[in-house]
Amino acid sequence: MLIRELSVGKVIVTSLIACIIVCIIVLLLYIIFKSPFSYPYFIHYFDVSGKRGPQIDDLLDMFLISGGLADIQNHCKKIEQWKQESCQQIEHSLMKKYRRRQYLRAVDDNNAFVFYFVRSQTRYRQKNYVKSSYKVNVKTDSFMYDYEYIQQRYNDLANIGFECTLRAYHSKNQRKLATRELREKIMIRDNYTCQLCGKYMPDEVGLQIDHIIPIAKGGKTVVSNLRVLCSKCNASKSDKITV
Ligand SMILES: [Zn+2]
């Protein structure tokens, strides 16, 4: 009886040890065969809280206009560095072919630049009959681009002097883009003075914002194409181009 119990105990112990050994082997195999390559994505968040129908093209343009390309280019260097290090790692590996396949699967240049829309949302929790609010940031959309696309967009923005987003520039409705803020900006720049006759009208009454190249002739609602005119000069100008 005792011998039988002892042998049962032995069986249990041996199978336990066997189990542990198998687990360790599986873990080791997992560590050895799992991909060591993790692609370094560029990640940027746009806070679109309170914005209705935000457009990624506009936000991306604003990001580039405010100097975002430097971040993008710095990140390109990081990606290059990662590629070099990965290749060195493959060279030193005992499973070169296997590692190379894993590396190629990890490379994702077409989607290297990731942008998220994030909205701040208010949530509530209840504790001891007391309701309190807290904010959480929720990712609502994601957009992925390659470097060439961003570089092309930057070049297009450079061609229009970084004055506005590409969508605004190509908008069919240029008049709609003349916002109150833009009007104020031009008024201050031109010092409330008609740019043709030099009349100074600090109360703004009788001053108008004029498109130097008229919209009808392809002029854009951008700072460089706007100026202050008095209504008299503006009326006599009509659609002529006078500079
Ligand atoms: Zn005038």
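We count ligands from 1, going down the list as the structure has it; atoms in each ligand are counted the same way. The first residue of the sequence shown is numbered 1, and numbering continues consecutively from there.
- Between W82 and F37, the ring planes are perpendicular. Angles over 60° get that label, and only those under 30° would be called parallel.
- Inspection of the environment of the Zn ion (ligand 1) yields the following protein N, O or S atoms under 2.8 Å: C194 SG, C197 SG, C230 SG, C233 SG.
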Could you list the donor-acceptor pairs under 3.5 angstrom formed by side chains in residues 135-146, with sequence neighbours left out?
unit_1, atom_1, unit_2, atom_2, d
K135, NZ, T122, OG1, 3.2
T140, OG1, F117, O, 3.4
D146, OD1, Y149, N, 3.0

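- Ring centroid separation for the pair F115 and F113 does not come in under the 6.0 Å cut-off.
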Distance-only check: which donor-acceptor pairs under 3.5 Å involve side-chain atoms of residues 54-65, not counting sequence neighbours?
unit_1, atom_1, unit_2, atom_2, d
D58, OD1, R167, NE, 3.1
D58, OD2, R167, NE, 3.1
D58, OD2, R167, NH2, 2.6
D61, OD1, R153, NE, 2.5
D61, OD1, R153, NH2, 3.4
D61, OD2, R153, NH2, 3.1
D61, OD2, L166, N, 2.8

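- By the salt bridge (charged side-chain N to carboxylate O under 4.0 Å, His left out) test, E148 pairs with no residue at all, sequence neighbours left out.
- Closest heavy-atom contact between Y169 and V222: CD1-CG1, 4.5 Å.
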